[in-house]
Amino acid sequence: MDPQVLYGDPEKYFAGHDVDAKLASNRQNITELVADTGLNRPSLLDVGSGRGEALQAAHLVGLTDIVGLELSSAMRDETQRRYGVDIRLETIEQHATGAERTYDIVILSAVLEHVYDPDSMIASVAALTHPGSVVYIDVPQEPNLLTMVGNLPGRLRGTRTVYNLAPTFPPYHVFGFNQRALTTLLEKHGFEPFRWLKRAQLRIPSREGIKDRVMAFGAMQLHKLGNLTGLSTNMDVWARKV
């Protein structure tokens with residue numbers, strides 16, 4: 001699908017997202033990433049910048065060498081309107097071919113699960129980094145406690161029905177990752193994971209009606225248990241180029 005269509009309405013795409021909360025969480029994460037590099041003002045590349053919260057957070061932290069990549073001109077225009085930050089309309093593969101430079105920090109937040117060739121993306125990240133560079137990746141974790149419980153009725157009935165996190169509407173998730181798969185992909189391209197965080201947001205909206213509210217309540221309890229056991233729906237990894 002054309003990315004200009006798929007990501008052409010920033011307000012619709014990010015409906016329900018708290019901009020201030022995303023800005024605050026990005027600011028905290030980038031502050032930690034800066035500390036991980038050991039540099040005062042490291043360079044930063046944000047892949048799939050969306051509305052630009054990570055770019056703005058990097059600016060607020062004090063970084064000056066900041067580059068964002070995006071496929072959607074609508075997302076780029078929204079970022080320019082909100083924060084006055086420019087974004088390059090190109091893929092990371094295109095950027096790796098023409099950049100003739102490397103970065104100290106690369107961010108892939110809610111991006112890797114959407115691409116058709118994760119191997120090509122991480123290879124491009126490797127080309128754009130140097131030993132000591134830090135990469136942050138945020139992806140859904142599959143399987144997780146929610147999908148395990150969701151698949152249980154089908155298993156008991158002997159059906160082949162599979163429940164997973166990939167949405168059945170755009171934007172689709174093309175690949176799913178667990179810790180082993182993501183570690184294998186990163187190590188293949190010279191990255192060593194050094195920190196993991198498995199967690200889910202404890203917020204599940206529900207429609208009107210007792211059935212939907214009961215389901216949302218049950219899912220919330222599974223999220224809480226998943227956060228305690230490492231079987232939550234989301235997974236963050238920090239890796240260093242070796």
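Remember, predicted model here, so these are calculated numbers, not experimental data.
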Q. Is any side-chain N of the basic residue among Asp236 and Lys198 closer than 4.0 Å to the acidic one's carboxylate O?
A. no
Q. Is the count of non-hydrogen atoms from other residues, nucleotides or ligands lying under 6.0 Å from Arg81 atom CZ greater than 12?
A. yes
(Q) Tell me whether Val47 shares a hydrophobic cluster with Phe175, the cluster being built from Ile, Leu, Val, Met, Phe, Trp, Tyr side chains joined at under 4.5 Å. (A) yes
Q. When rounded to the nearest 0.5 angstrom, what distance separates CG in Leu185 from CG in Leu112?
A. 6.5 Å
Q. For the side chain of Ser232 and the backbone of Arg199, is there at least one donor-acceptor N/O pair under 3.5 Å apart?
A. yes
Q. Hey, are the side chains of Lys188 and Ile122 touching, using non-hydrogen atoms and a 4.5 Å cut-off?
A. no
Q. If you look at every heavy atom in Ile66 and Ala58, which pair is closest and at what distance?
A. CD1-CB, 3.7 Å
Q | Option passing side-chain contact (heavy atoms from CB on, under 4.5 Å) with Leu33 (candidates Leu63, Val61, Ile107) | A | Ile107
Q) Can we say Arg195 and Asp36 salt-bridge, meaning some charged N sits less than 4.0 Å from an Asp/Glu carboxylate O? A) yes
Q | Ser133 backbone acceptor or donor facing Thr37 side chain under 3.5 Å | A | no
Q) Can you tell me how far the CD1 atom of Ile30 sits from the CD atom of Glu32, to the nearest 0.5 Å? A) 10.5 Å
Q: Decide side chain to side chain contact (heavy atoms under 4.5 Å, CB included) for His130 and Tyr103; before the verdict, give the C-alpha distance in whole Å, the side-chain angles of both, and the deciding distance to 0.1 Å.
A: CA-CA 7 Å; His130 53 79; Tyr103 295 90; over 6 Å; no
**Q.** Spacing of Leu108 atom CG and His114 atom NE2 [to the nearest 0.5 Å]
**A.** 12.0 Å
**Q.** His95 side chain reached by Leu45 side chain, heavy atoms, under 4.5 Å
**A.** yes
Q. Distance-only, no hydrogens or angles: does the Lys241 side chain make a donor-acceptor pair with backbone N or O of Val134 under 3.5 Å?
A. no
Q | Check: Arg51 main-chain N/O paired with Thr79 side-chain donor or acceptor under 3.5 Å | A | yes
(Q) With clusters defined by side-chain heavy atoms of hydrophobic residues (ILVMFWY) lying less than 4.5 Å apart, directly or transitively, does Ile92 cluster with Leu44? (A) no
Q) Of all heavy-atom pairs between Val111 and Gly48, which one has the smallest distance, and what is that distance? A) CG2-CA, 4.1 Å
**Q.** Stepwise side chain to side chain contact (heavy atoms under 4.5 Å, CB included) test for Leu60 and Gln56
**A.** CA-CA 6 Å; Leu60 293 174; Gln56 176 66 359; 4.0 Å; yes
Q.
Has Glu70 got a side-chain atom pairing as donor or acceptor with Gly50's backbone, closer than 3.5 angstrom?
A. yes
Q: Taking the side chain as every heavy atom from C-beta outward, state whether Thr102 and Leu128 have any pair of such atoms under 4.5 Å apart.
A: no
**Q.** Close side-chain approach of Arg76 to Leu89, heavy-atom, < 4.5 Å
**A.** yes
Q) Are the side chain of Asn29 and the backbone of Ser25 linked by a donor-acceptor contact shorter than 3.5 Å? A) no
(Q) Here's a test for you: under side-chain contact (heavy atoms from CB on, under 4.5 Å), which of Ser73, Ser72, Ser49 qualifies with Ile87? (A) Ser49
Q. Which is it for Phe191 and Val125 under the side chain to side chain contact (heavy atoms under 4.5 Å, CB included) test, yes or no, and what are the steps along the way?
A. CA-CA 10 Å; Phe191 294 98; Val125 173; 3.7 Å; yes
Q | In one Ile/Leu/Val/Met/Phe/Trp/Tyr side-chain cluster, 4.5 Å: Ile105, Leu197 | A | yes
**Q.** Separation of Glu53 CD from Asp20 CG (nearest 0.5 Å)
**A.** 9.5 Å
Q: Give a yes or no on whether the ring-centroid distance for Tyr136 and Trp238 is below 6.0 angstrom.
A: yes
**Q.** Minimum heavy-atom distance Asp46-Ala54, with the two atoms named
**A.** OD2-CB, 3.7 Å
**Q.** For the student: nearest non-hydrogen atoms of Arg41 and Gly62, plus distance
**A.** NE-O, 3.4 Å
Q) Under 4.0 Å between a Lys/Arg side-chain N and an Asp/Glu carboxylate O for Arg101 and Asp65? A) yes
Q) Any link between Ile137 and Met121 through a network of hydrophobic side chains (Ile, Leu, Val, Met, Phe, Trp, Tyr) touching at under 4.5 Å? A) yes
Q: Compare every heavy atom of Val115 with every heavy atom of Val174, then report the nearest pair and how far apart it is.
A: CB-O, 3.6 Å
(Q) Would Thr183 and Trp196 count as a side chain to side chain contact (heavy atoms under 4.5 Å, CB included) here? Give the steps. (A) CA-CA 11 Å; Thr183 297; Trp196 295 86; 3.1 Å; yes
Q: Tell me, yes or no, whether the heavy-atom count around Gln179 atom CD, taken from other residues, nucleotides or ligands under 6.0 Å, exceeds 12.
A: yes
Q: Output the distance between atom CE (Met235) and atom CG (Asp138), rounded to the nearest 0.5 Å.
A: 9.0 Å
**Q.** Atom pair OG1 (Thr129) and NE2 (His189), whose distance is rounded to the nearest 0.5 Å
**A.** 11.0 Å
Q) Is there a donor-acceptor pair closer than 3.5 Å between any side-chain N or O of Gln94 and the backbone N or O of Thr91? A) yes
Q: Without swapping roles, check the side chain of Glu113 against the backbone of Gly176 for a donor-acceptor pair under 3.5 Å.
A: no
**Q.** Connected via hydrophobic side-chain network under 4.5 Å: Val106 and Leu69
**A.** yes
Q: Please tell me if the side chains of Leu39 and Val34 come closer than 4.5 Å, counting only heavy atoms from C-beta onward.
A: no
